[in-house]
Amino acid sequence: MSTYTLEASGASPASPPDTTKVKRAAIASFLGSMLEYYDFYIYASAAALVFGKVFFPASNPAAGTLLSLATFGVAYIARPFGAVLLGHFGDRVGRKKVMLITLVLMGTSTFLIGCLPSYAAIGVVAPILLVFLRVLQGISAAGEQSGANSLTLEHAPFGRRAFFTSWTLTGTQAGFILATAVFLTVANLPDDALLSWGWRVPFWFSFLVVVLAYVVRRRLDEPEVFTEEQESKQVAKFPVVELFRTHSTDVLRVVLCAFIAVCSTIFAVFGLAFATSPEVGVSRTTMLLVAVAANVIALFSQPALAILADRIGRKPVFITGVLGCSVMIFVYFKAIMSGNVPLIFFAGALLIGILYAAPNAIWPSFYAEMFNTKVRFSGIAIGTQIGFALAGFAPTIAWTLVGDSRTNWVPVAILVSICCLAAAAAAATARETYRVPLKQLGKPVS
(Lines give C-alpha, C1' and ligand atoms only; values in the text may rest on other atoms or scores of the structure.)
Protein backbone atom coordinates (compact mmCIF):
# COMPACT_ATOMS: atom_id res chain seq x y z
CA MET A 1 0.00 0.00 0.00
CA SER A 2 1.41 3.44 -0.93
CA THR A 3 2.06 6.23 1.53
CA TYR A 4 -0.58 8.29 -0.25
CA THR A 5 -3.20 5.55 0.14
CA LEU A 6 -2.44 5.30 3.83
CA GLU A 7 -2.62 9.06 4.14
CA ALA A 8 -5.93 9.20 2.33
CA SER A 9 -7.41 6.56 4.58
CA GLY A 10 -6.26 8.34 7.71
CA ALA A 11 -3.99 5.44 8.71
CA SER A 12 -0.37 5.75 9.70
CA PRO A 13 2.43 4.24 7.59
CA ALA A 14 4.24 1.25 9.14
CA SER A 15 7.48 3.21 9.28
CA PRO A 16 7.76 6.91 10.18
CA PRO A 17 7.96 9.22 7.15
CA ASP A 18 11.33 10.75 6.22
CA THR A 19 11.23 14.30 7.57
CA THR A 20 14.68 15.39 6.36
CA LYS A 21 13.34 17.54 3.53
CA VAL A 22 10.56 19.12 5.53
CA LYS A 23 12.93 19.96 8.40
CA ARG A 24 15.29 21.59 5.92
CA ALA A 25 12.35 23.48 4.41
CA ALA A 26 11.14 24.58 7.85
CA ILE A 27 14.61 25.84 8.81
CA ALA A 28 14.98 27.69 5.49
CA SER A 29 11.51 29.19 5.91
CA PHE A 30 12.32 30.23 9.48
CA LEU A 31 15.58 31.94 8.46
CA GLY A 32 14.06 33.59 5.41
CA SER A 33 11.11 34.92 7.37
CA MET A 34 13.44 36.07 10.12
CA LEU A 35 15.39 38.13 7.58
CA GLU A 36 12.28 39.44 5.83
CA TYR A 37 10.68 40.55 9.05
CA TYR A 38 13.89 41.74 10.66
CA ASP A 39 14.06 44.11 7.70
CA PHE A 40 10.36 44.92 7.89
CA TYR A 41 10.35 45.57 11.63
CA ILE A 42 13.45 47.73 11.77
CA TYR A 43 11.63 49.87 9.23
CA ALA A 44 8.58 49.88 11.53
CA SER A 45 10.68 50.96 14.54
CA ALA A 46 12.47 53.61 12.51
CA ALA A 47 9.18 54.88 11.03
CA ALA A 48 7.70 55.27 14.51
CA LEU A 49 10.74 56.83 16.17
CA VAL A 50 13.10 58.37 13.61
CA PHE A 51 11.96 58.78 10.00
CA GLY A 52 9.55 61.63 10.71
CA LYS A 53 12.56 63.71 11.77
CA VAL A 54 15.08 62.42 9.21
CA PHE A 55 13.12 62.29 5.94
CA PHE A 56 10.50 65.02 6.39
CA PRO A 57 10.59 68.76 7.21
CA ALA A 58 11.26 69.51 10.88
CA SER A 59 8.72 72.35 11.00
CA ASN A 60 5.74 70.09 11.87
CA PRO A 61 6.67 67.04 14.00
CA ALA A 62 3.10 65.63 14.13
CA ALA A 63 2.79 65.78 10.33
CA GLY A 64 6.24 64.21 10.03
CA THR A 65 5.14 61.26 12.17
CA LEU A 66 1.96 60.84 10.11
CA LEU A 67 3.90 60.89 6.81
CA SER A 68 6.51 58.53 8.22
CA LEU A 69 3.82 56.02 9.22
CA ALA A 70 2.31 56.41 5.75
CA THR A 71 5.61 55.27 4.18
CA PHE A 72 5.30 52.13 6.30
CA GLY A 73 1.93 51.51 4.65
CA VAL A 74 3.20 52.15 1.11
CA ALA A 75 4.77 48.68 1.00
CA TYR A 76 1.35 47.18 1.54
CA ILE A 77 0.08 48.83 -1.66
CA ALA A 78 2.91 47.15 -3.57
CA ARG A 79 2.36 43.77 -1.96
CA PRO A 80 -0.81 42.72 -3.90
CA PHE A 81 0.97 43.50 -7.20
CA GLY A 82 4.01 41.58 -6.02
CA ALA A 83 1.72 38.73 -4.99
CA VAL A 84 0.28 38.42 -8.51
CA LEU A 85 3.73 38.52 -10.14
CA LEU A 86 5.55 36.23 -7.70
CA GLY A 87 2.55 33.94 -7.33
CA HIS A 88 2.52 33.39 -11.10
CA PHE A 89 6.16 32.33 -11.18
CA GLY A 90 5.94 30.43 -7.89
CA ASP A 91 3.15 28.24 -9.27
CA ARG A 92 4.74 27.84 -12.71
CA VAL A 93 8.52 27.80 -12.18
CA GLY A 94 8.85 26.66 -8.58
CA ARG A 95 8.74 27.73 -4.95
CA LYS A 96 12.51 27.62 -4.36
CA LYS A 97 13.49 30.00 -7.17
CA VAL A 98 11.04 32.66 -6.06
CA MET A 99 12.16 32.29 -2.43
CA LEU A 100 15.75 33.06 -3.46
CA ILE A 101 14.62 36.15 -5.39
CA THR A 102 12.58 37.53 -2.49
CA LEU A 103 15.49 37.03 -0.11
CA VAL A 104 17.97 39.01 -2.22
CA LEU A 105 15.46 41.75 -3.03
CA MET A 106 14.56 42.34 0.62
CA GLY A 107 18.17 42.32 1.80
CA THR A 108 19.37 44.72 -0.90
CA SER A 109 16.56 47.25 -0.47
CA THR A 110 16.97 47.24 3.32
CA PHE A 111 20.73 47.81 3.11
CA LEU A 112 20.18 50.73 0.71
CA ILE A 113 17.65 52.38 3.04
CA GLY A 114 20.44 52.57 5.59
CA CYS A 115 22.54 54.48 3.04
CA LEU A 116 19.96 57.16 2.14
CA PRO A 117 20.79 60.85 2.72
CA SER A 118 18.41 62.84 4.91
CA TYR A 119 15.83 65.49 3.95
CA ALA A 120 18.23 68.14 5.22
CA ALA A 121 20.88 66.91 2.76
CA ILE A 122 18.92 66.39 -0.48
CA GLY A 123 15.42 67.69 0.20
CA VAL A 124 12.33 66.00 -1.21
CA VAL A 125 14.41 63.42 -3.11
CA ALA A 126 15.12 61.70 0.24
CA PRO A 127 11.52 60.63 1.01
CA ILE A 128 10.99 59.70 -2.67
CA LEU A 129 13.94 57.30 -2.54
CA LEU A 130 12.71 55.99 0.81
CA VAL A 131 9.28 55.20 -0.65
CA PHE A 132 10.84 53.50 -3.71
CA LEU A 133 12.95 51.18 -1.55
CA ARG A 134 9.97 50.55 0.72
CA VAL A 135 7.98 49.44 -2.34
CA LEU A 136 10.74 46.94 -3.19
CA GLN A 137 10.50 45.62 0.38
CA GLY A 138 6.76 45.19 -0.11
CA ILE A 139 7.13 43.27 -3.37
CA SER A 140 9.63 40.95 -1.70
CA ALA A 141 7.44 40.33 1.35
CA ALA A 142 4.50 39.50 -0.93
CA GLY A 143 6.17 36.32 -2.10
CA GLU A 144 8.26 35.31 0.89
CA GLN A 145 5.75 33.73 3.24
CA SER A 146 3.59 32.33 0.44
CA GLY A 147 6.54 30.49 -1.08
CA ALA A 148 7.81 29.28 2.27
CA ASN A 149 4.34 28.10 3.36
CA SER A 150 3.67 26.29 0.08
CA LEU A 151 7.04 24.54 0.00
CA THR A 152 6.98 23.49 3.65
CA LEU A 153 3.37 22.29 3.60
CA GLU A 154 4.01 20.22 0.47
CA HIS A 155 6.99 18.51 2.12
CA ALA A 156 5.24 17.97 5.49
CA PRO A 157 3.95 14.54 6.58
CA PHE A 158 0.24 14.01 7.13
CA GLY A 159 -0.89 15.10 10.59
CA ARG A 160 2.01 17.51 11.14
CA ARG A 161 1.43 20.18 8.50
CA ALA A 162 0.47 22.94 10.94
CA PHE A 163 3.53 22.30 13.10
CA PHE A 164 6.07 22.47 10.29
CA THR A 165 4.47 25.43 8.50
CA SER A 166 4.22 27.34 11.79
CA TRP A 167 7.99 27.83 11.68
CA THR A 168 7.55 30.28 8.82
CA LEU A 169 5.61 32.62 11.09
CA THR A 170 7.79 31.81 14.09
CA GLY A 171 10.59 33.19 11.92
CA THR A 172 8.69 36.48 11.77
CA GLN A 173 8.68 36.58 15.58
CA ALA A 174 12.43 35.91 15.60
CA GLY A 175 12.85 38.71 13.06
CA PHE A 176 10.87 41.04 15.29
CA ILE A 177 12.98 40.13 18.32
CA LEU A 178 16.23 40.55 16.41
CA ALA A 179 15.10 43.85 14.89
CA THR A 180 13.92 45.28 18.19
CA ALA A 181 17.01 44.08 20.06
CA VAL A 182 19.29 45.66 17.47
CA PHE A 183 17.24 48.86 17.40
CA LEU A 184 17.21 48.92 21.19
CA THR A 185 21.00 49.19 21.18
CA VAL A 186 20.82 52.42 19.19
CA ALA A 187 17.52 53.83 20.56
CA ASN A 188 19.23 55.11 23.70
CA LEU A 189 21.88 57.06 21.83
CA PRO A 190 21.73 60.84 22.14
CA ASP A 191 19.22 62.24 19.65
CA ASP A 192 21.85 63.81 17.40
CA ALA A 193 23.76 60.51 17.10
CA LEU A 194 20.55 58.46 16.64
CA LEU A 195 19.24 60.77 13.91
CA SER A 196 22.55 61.08 12.04
CA TRP A 197 24.05 57.56 11.97
CA GLY A 198 22.64 55.38 14.78
CA TRP A 199 19.39 54.41 13.03
CA ARG A 200 21.37 53.25 9.96
CA VAL A 201 23.28 50.46 11.74
CA PRO A 202 20.32 48.03 12.02
CA PHE A 203 19.67 48.39 8.27
CA TRP A 204 23.29 47.60 7.39
CA PHE A 205 23.30 44.61 9.75
CA SER A 206 20.71 42.81 7.56
CA PHE A 207 23.44 41.92 5.05
CA LEU A 208 24.80 39.23 7.40
CA VAL A 209 21.39 37.58 7.76
CA VAL A 210 20.95 37.56 3.96
CA VAL A 211 24.15 35.57 3.47
CA LEU A 212 23.17 32.94 6.07
CA ALA A 213 19.62 32.50 4.74
CA TYR A 214 20.76 32.34 1.10
CA VAL A 215 23.23 29.53 1.82
CA VAL A 216 20.50 27.48 3.53
CA ARG A 217 17.93 28.08 0.78
CA ARG A 218 20.26 26.96 -2.00
CA ARG A 219 20.04 23.42 -0.57
CA LEU A 220 16.24 23.17 -0.76
CA ASP A 221 14.37 20.71 -2.99
CA GLU A 222 11.10 21.41 -4.76
CA PRO A 223 8.22 19.35 -3.28
CA GLU A 224 7.34 16.08 -5.03
CA VAL A 225 3.72 17.07 -5.49
CA PHE A 226 4.86 20.15 -7.45
CA THR A 227 7.49 18.38 -9.58
CA GLU A 228 4.93 15.68 -10.42
CA GLU A 229 2.62 18.34 -11.84
CA GLN A 230 5.49 19.85 -13.83
CA GLU A 231 6.47 16.47 -15.27
CA SER A 232 2.89 15.60 -16.21
CA LYS A 233 2.36 19.06 -17.80
CA GLN A 234 -0.46 19.87 -15.36
CA VAL A 235 0.97 23.23 -14.25
CA ALA A 236 -1.51 26.04 -14.91
CA LYS A 237 -0.48 28.32 -17.79
CA PHE A 238 -1.93 31.35 -16.01
CA PRO A 239 -2.19 30.44 -12.31
CA VAL A 240 -3.95 33.67 -11.32
CA VAL A 241 -6.71 33.13 -13.90
CA GLU A 242 -7.06 29.53 -12.74
CA LEU A 243 -7.15 30.71 -9.12
CA PHE A 244 -10.09 33.07 -9.59
CA ARG A 245 -11.90 30.56 -11.81
CA THR A 246 -11.77 27.78 -9.21
CA HIS A 247 -11.07 29.36 -5.80
CA SER A 248 -12.50 32.90 -5.78
CA THR A 249 -14.47 32.28 -2.56
CA ASP A 250 -11.35 30.99 -0.81
CA VAL A 251 -9.38 34.06 -1.90
CA LEU A 252 -12.05 36.31 -0.37
CA ARG A 253 -12.05 34.19 2.78
CA VAL A 254 -8.26 34.58 3.13
CA VAL A 255 -8.52 38.35 2.53
CA LEU A 256 -10.95 38.69 5.44
CA CYS A 257 -9.03 36.31 7.71
CA ALA A 258 -5.88 38.33 7.04
CA PHE A 259 -7.48 41.38 8.67
CA ILE A 260 -6.17 39.93 11.94
CA ALA A 261 -2.79 41.40 10.93
CA VAL A 262 -4.19 44.82 11.88
CA CYS A 263 -3.66 43.77 15.50
CA SER A 264 0.03 43.20 14.82
CA THR A 265 0.77 46.51 13.08
CA ILE A 266 -1.23 48.49 15.63
CA PHE A 267 0.80 46.82 18.39
CA ALA A 268 4.21 47.09 16.68
CA VAL A 269 3.98 50.46 14.93
CA PHE A 270 1.14 52.63 16.15
CA GLY A 271 1.40 51.41 19.74
CA LEU A 272 5.08 52.35 19.82
CA ALA A 273 4.50 55.84 18.39
CA PHE A 274 1.42 56.41 20.58
CA ALA A 275 2.94 55.25 23.88
CA THR A 276 6.20 57.18 23.43
CA SER A 277 4.51 60.43 22.38
CA PRO A 278 4.92 63.37 24.80
CA GLU A 279 1.20 63.24 25.65
CA VAL A 280 1.40 59.62 26.89
CA GLY A 281 5.02 59.52 28.02
CA VAL A 282 6.03 55.84 28.22
CA SER A 283 9.76 55.44 27.53
CA ARG A 284 11.06 54.05 24.22
CA THR A 285 13.06 51.41 26.07
CA THR A 286 10.00 50.13 27.94
CA MET A 287 7.89 49.79 24.80
CA LEU A 288 10.65 48.09 22.82
CA LEU A 289 11.24 45.63 25.68
CA VAL A 290 7.49 44.90 25.88
CA ALA A 291 7.56 43.99 22.20
CA VAL A 292 10.60 41.76 22.66
CA ALA A 293 9.08 39.97 25.67
CA ALA A 294 5.78 39.33 23.86
CA ASN A 295 7.52 37.90 20.81
CA VAL A 296 9.88 35.72 22.86
CA ILE A 297 6.79 34.10 24.37
CA ALA A 298 5.37 33.65 20.85
CA LEU A 299 8.52 31.78 19.80
CA PHE A 300 7.42 28.98 22.14
CA SER A 301 3.64 29.34 22.04
CA GLN A 302 3.29 29.24 18.26
CA PRO A 303 4.76 25.75 17.68
CA ALA A 304 2.73 24.48 20.65
CA LEU A 305 -0.49 25.98 19.27
CA ALA A 306 0.30 24.49 15.85
CA ILE A 307 0.65 21.03 17.42
CA LEU A 308 -2.75 21.59 19.03
CA ALA A 309 -4.20 22.53 15.62
CA ASP A 310 -2.83 19.29 14.15
CA ARG A 311 -4.83 17.42 16.80
CA ILE A 312 -8.12 19.31 17.08
CA GLY A 313 -8.28 21.32 13.84
CA ARG A 314 -7.33 24.71 12.42
CA LYS A 315 -10.57 26.58 13.03
CA PRO A 316 -10.92 26.22 16.84
CA VAL A 317 -7.39 27.51 17.49
CA PHE A 318 -7.55 30.30 14.90
CA ILE A 319 -10.97 31.62 15.92
CA THR A 320 -10.31 31.47 19.67
CA GLY A 321 -7.11 33.49 19.29
CA VAL A 322 -8.76 36.07 17.03
CA LEU A 323 -11.71 36.64 19.37
CA GLY A 324 -9.30 36.95 22.29
CA CYS A 325 -7.41 39.69 20.45
CA SER A 326 -10.66 41.61 19.86
CA VAL A 327 -11.06 41.97 23.63
CA MET A 328 -7.44 42.15 24.78
CA ILE A 329 -6.58 45.15 22.60
CA PHE A 330 -8.71 47.32 24.92
CA VAL A 331 -6.82 46.02 27.97
CA TYR A 332 -3.47 46.72 26.28
CA PHE A 333 -4.22 50.38 25.54
CA LYS A 334 -5.73 50.85 28.99
CA ALA A 335 -2.47 49.52 30.44
CA ILE A 336 -0.43 51.96 28.35
CA MET A 337 -2.51 54.89 29.54
CA SER A 338 -2.08 53.79 33.17
CA GLY A 339 1.71 54.05 32.87
CA ASN A 340 2.00 50.89 34.98
CA VAL A 341 5.02 49.12 33.45
CA PRO A 342 4.34 45.57 34.81
CA LEU A 343 0.74 45.85 33.59
CA ILE A 344 1.92 46.95 30.13
CA PHE A 345 4.26 43.94 30.00
CA PHE A 346 1.50 41.56 31.08
CA ALA A 347 -1.08 42.91 28.62
CA GLY A 348 1.40 42.95 25.73
CA ALA A 349 2.58 39.42 26.46
CA LEU A 350 -0.97 38.05 26.62
CA LEU A 351 -2.11 39.94 23.51
CA ILE A 352 0.79 39.08 21.19
CA GLY A 353 2.55 36.19 22.91
CA ILE A 354 -0.55 34.02 23.39
CA LEU A 355 -3.72 35.29 21.69
CA TYR A 356 -2.28 36.71 18.45
CA ALA A 357 0.17 33.78 18.35
CA ALA A 358 -2.78 31.43 17.74
CA PRO A 359 -3.88 32.74 14.32
CA ASN A 360 -0.28 33.59 13.50
CA ALA A 361 0.80 29.98 14.01
CA ILE A 362 -2.19 28.49 12.23
CA TRP A 363 -2.68 30.61 9.13
CA PRO A 364 0.27 29.17 7.14
CA SER A 365 -1.45 25.77 7.09
CA PHE A 366 -5.04 27.05 7.32
CA TYR A 367 -4.78 29.27 4.22
CA ALA A 368 -2.51 26.94 2.23
CA GLU A 369 -4.90 24.03 2.71
CA MET A 370 -7.72 25.96 1.03
CA PHE A 371 -5.95 25.70 -2.35
CA ASN A 372 -4.67 22.93 -4.61
CA THR A 373 -1.05 22.65 -5.77
CA LYS A 374 -1.66 24.43 -9.09
CA VAL A 375 -2.64 27.72 -7.45
CA ARG A 376 -1.48 27.39 -3.85
CA PHE A 377 1.34 29.97 -4.05
CA SER A 378 -0.89 32.50 -5.87
CA GLY A 379 -3.85 31.87 -3.58
CA ILE A 380 -1.94 32.47 -0.35
CA ALA A 381 0.01 35.41 -1.78
CA ILE A 382 -2.91 37.33 -3.31
CA GLY A 383 -5.36 36.62 -0.48
CA THR A 384 -3.02 37.57 2.32
CA GLN A 385 -1.50 40.62 0.64
CA ILE A 386 -4.87 42.20 -0.16
CA GLY A 387 -5.91 41.59 3.44
CA PHE A 388 -2.59 42.84 4.79
CA ALA A 389 -3.02 46.14 2.90
CA LEU A 390 -5.45 47.26 5.61
CA ALA A 391 -2.90 46.27 8.25
CA GLY A 392 -0.24 48.34 6.51
CA PHE A 393 -2.26 51.52 6.69
CA ALA A 394 -3.81 50.77 10.07
CA PRO A 395 -1.13 52.80 11.96
CA THR A 396 -1.83 55.84 9.75
CA ILE A 397 -5.60 55.40 10.11
CA ALA A 398 -5.16 54.98 13.87
CA TRP A 399 -3.05 58.12 14.18
CA THR A 400 -5.82 60.01 12.39
CA LEU A 401 -8.49 58.51 14.67
CA VAL A 402 -6.58 59.59 17.77
CA GLY A 403 -6.96 63.20 16.62
CA ASP A 404 -5.50 66.29 18.22
CA SER A 405 -5.86 64.92 21.76
CA ARG A 406 -3.14 62.31 21.03
CA THR A 407 -4.58 60.18 23.87
CA ASN A 408 -7.96 59.09 22.45
CA TRP A 409 -7.14 55.39 21.97
CA VAL A 410 -10.69 53.95 22.11
CA PRO A 411 -11.49 54.38 18.37
CA VAL A 412 -8.25 52.58 17.57
CA ALA A 413 -9.15 49.62 19.78
CA ILE A 414 -12.61 49.50 18.18
CA LEU A 415 -10.99 49.41 14.72
CA VAL A 416 -8.83 46.45 15.74
CA SER A 417 -11.78 44.66 17.33
CA ILE A 418 -13.94 45.03 14.18
CA CYS A 419 -11.13 43.60 12.04
CA CYS A 420 -10.79 40.66 14.44
CA LEU A 421 -14.51 39.92 14.30
CA ALA A 422 -14.45 40.00 10.48
CA ALA A 423 -11.53 37.53 10.48
CA ALA A 424 -13.29 35.20 12.92
CA ALA A 425 -16.50 35.22 10.88
CA ALA A 426 -14.62 34.42 7.65
CA ALA A 427 -12.69 31.59 9.33
CA ALA A 428 -15.93 30.08 10.63
CA THR A 429 -17.12 29.59 7.03
CA ALA A 430 -14.00 27.65 5.99
CA ARG A 431 -13.72 23.90 5.52
CA GLU A 432 -11.83 22.09 8.28
CA THR A 433 -8.79 20.54 6.56
CA TYR A 434 -6.52 19.11 9.24
CA ARG A 435 -7.50 15.53 8.31
CA VAL A 436 -7.62 16.08 4.52
CA PRO A 437 -4.79 14.41 2.51
CA LEU A 438 -2.41 16.72 0.64
CA LYS A 439 -3.56 15.74 -2.85
CA GLN A 440 -7.21 16.27 -1.88
CA LEU A 441 -6.71 19.84 -0.64
CA GLY A 442 -8.50 22.49 -2.64
CA LYS A 443 -10.88 19.97 -4.20
CA PRO A 444 -14.68 19.87 -3.68
CA VAL A 445 -15.84 17.63 -0.84
CA SER A 446 -17.12 14.35 -2.35
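In this text, all values refer to a predicted model and were calculated from it rather than measured experimentally. Residues take their numbers from the sequence shown, with the count starting at 1.
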Heavy-atom pair with the smallest gap, counting every atom of Arg92 and Val235: CA-CG1, 3.7 Å
Side chains of Thr110 and Gln137, donor plus acceptor under 3.5 Å: yes
Cationic N near anionic O, under 4.0 Å, Arg217 to Glu144: yes
Any Arg406 side-chain heavy atom under 4.5 Å of Trp399 side chain: yes
Heavy-atom neighbours of Glu228 CD exceed 12 at 6.0 Å: yes
Side-chain touch Trp363/Cys257, heavy atoms, less than 4.5 angstrom: no
Closest non-hydrogen atom pair between Val74 and Phe393, with its separation: N-CZ, 3.9 Å
Beyond-backbone contact of Val93 with Val98, side-chain heavy atoms, under 4.5 angstrom: no
Gap separating the CD1 atom of Ile27 from the CG atom of Leu220, nearest 0.5 angstrom: 10.0 Å
Euclidean distance, Leu112 CG relative to Leu130 CG, rounded to 0.5 Å: 12.0 Å
Backbone of Glu224 reached by a side-chain donor or acceptor of Thr227 within 3.5 Å: yes
Sub-4.5 Å side-chain heavy-atom contact between Lys334 and Leu343: no
Side-chain donor or acceptor of Thr152 paired with backbone N/O of Asn149 under 3.5 Å: no
Closest contact, heavy atoms only, His88 versus Ser378: N-OG, 3.7 Å
Check: Thr165 side chain, Ala162 main-chain N or O, donor-acceptor pair, under 3.5 Å: yes
Beyond-backbone contact of Leu351 with Cys263, side-chain heavy atoms, under 4.5 angstrom: yes
Backbone N/O of Arg218 and side chain of Lys96: donor-acceptor pair under 3.5 Å: yes
Arg161 side-chain N/O to Phe158 backbone N/O, donor-acceptor pair under 3.5 Å: no
Full working for side chain to side chain contact (heavy atoms under 4.5 Å, CB included) between Ile177 and Val296: CA-CA 7 Å; Ile177 294 164; Val296 166; 3.7 Å; yes
Any donor-acceptor pair under 3.5 Å from Thr172 side chain to Leu169 backbone: yes
Distance in Å, Leu421 CG paired with Leu256 CG, rounded so as to fall on 0.5 Å steps: 12.5 Å
Side chain to side chain, Phe203 and Ile42, heavy atoms closer than 4.5 Å: yes
Minimum side-chain heavy-atom gap Glu369-Val436 below 4.5 Å: no
Neighbour count >12 (heavy atoms, 6.0 Å) for atom CZ, Phe345: yes
Arg24 CZ to Leu151 CG distance, which is reported to the nearest 0.5 Å: 11.0 Å
Expected output: side-chain Arg376 to main-chain Phe371 donor-acceptor under 3.5 Å: yes
Side chain to side chain contact (heavy atoms under 4.5 Å, CB included) between Ile128 and Phe132, intermediate numbers included: CA-CA 6 Å; Ile128 291 173; Phe132 172 73; 5.7 Å; no
Expected output: side-chain Ser140 to main-chain Thr102 donor-acceptor under 3.5 Å: yes
Inter-residue atom distance Asn360.CG - Ile260.CD1, 0.5 Å rounding: 9.0 Å
Residue pair Ala357 / Gly353: nearest heavy atoms and the distance that separates them: CB-O, 3.4 Å
Gly147 backbone acceptor or donor facing Arg95 side chain under 3.5 Å: no
Heavy-atom pair with the smallest gap, counting every atom of Leu136 and Ser109: CB-CB, 3.9 Å
Phe244/Ile382 under side chain to side chain contact (heavy atoms under 4.5 Å, CB included): CA gap, chis, key distance, verdict: CA-CA 10 Å; Phe244 282 100; Ile382 293 171; 4.1 Å; yes
Distance (rounded to the nearest 0.5 Å) between Met99 CE and Gln145 CD: 11.0 Å
Pair Phe333 + Phe274: ring centers closer than 6.0 Å: yes
Residue pair Val280, Met337: steps toward the side chain to side chain contact (heavy atoms under 4.5 Å, CB included) verdict: CA-CA 7 Å; Val280 180; Met337 292 304 298; 4.2 Å; yes
Expected output: side-chain Glu432 to main-chain Arg314 donor-acceptor under 3.5 Å: yes
Non-hydrogen atoms of Gly383 and Ala258 that approach each other most closely: O-CB, 4.4 Å
Show me the side-chain donor-acceptor pairs of residues 318-332 shorter than 3.5 Å, one per line, residues at least two apart or across chains.
unit_1 : atom_1 : unit_2 : atom_2 : d
Thr320 : OG1    : Pro316 : O      : 2.7
Ser326 : OG     : Leu323 : O      : 2.5

Tyr43 six-ring face occupied by Arg134 cation (under 6.0 Å, within 45°): yes
Member of Ile380, Leu441, Asp250 meeting the side-chain contact (heavy atoms from CB on, under 4.5 Å) criterion with Met370: Asp250
Residue pair Trp167 / Ser33, side-chain heavy-atom distance below 4.5 Å: no
Plane angle bin for Trp199 and Phe51 - parallel if under 30°, tilted between 30 and 60°, otherwise perpendicular: perpendicular
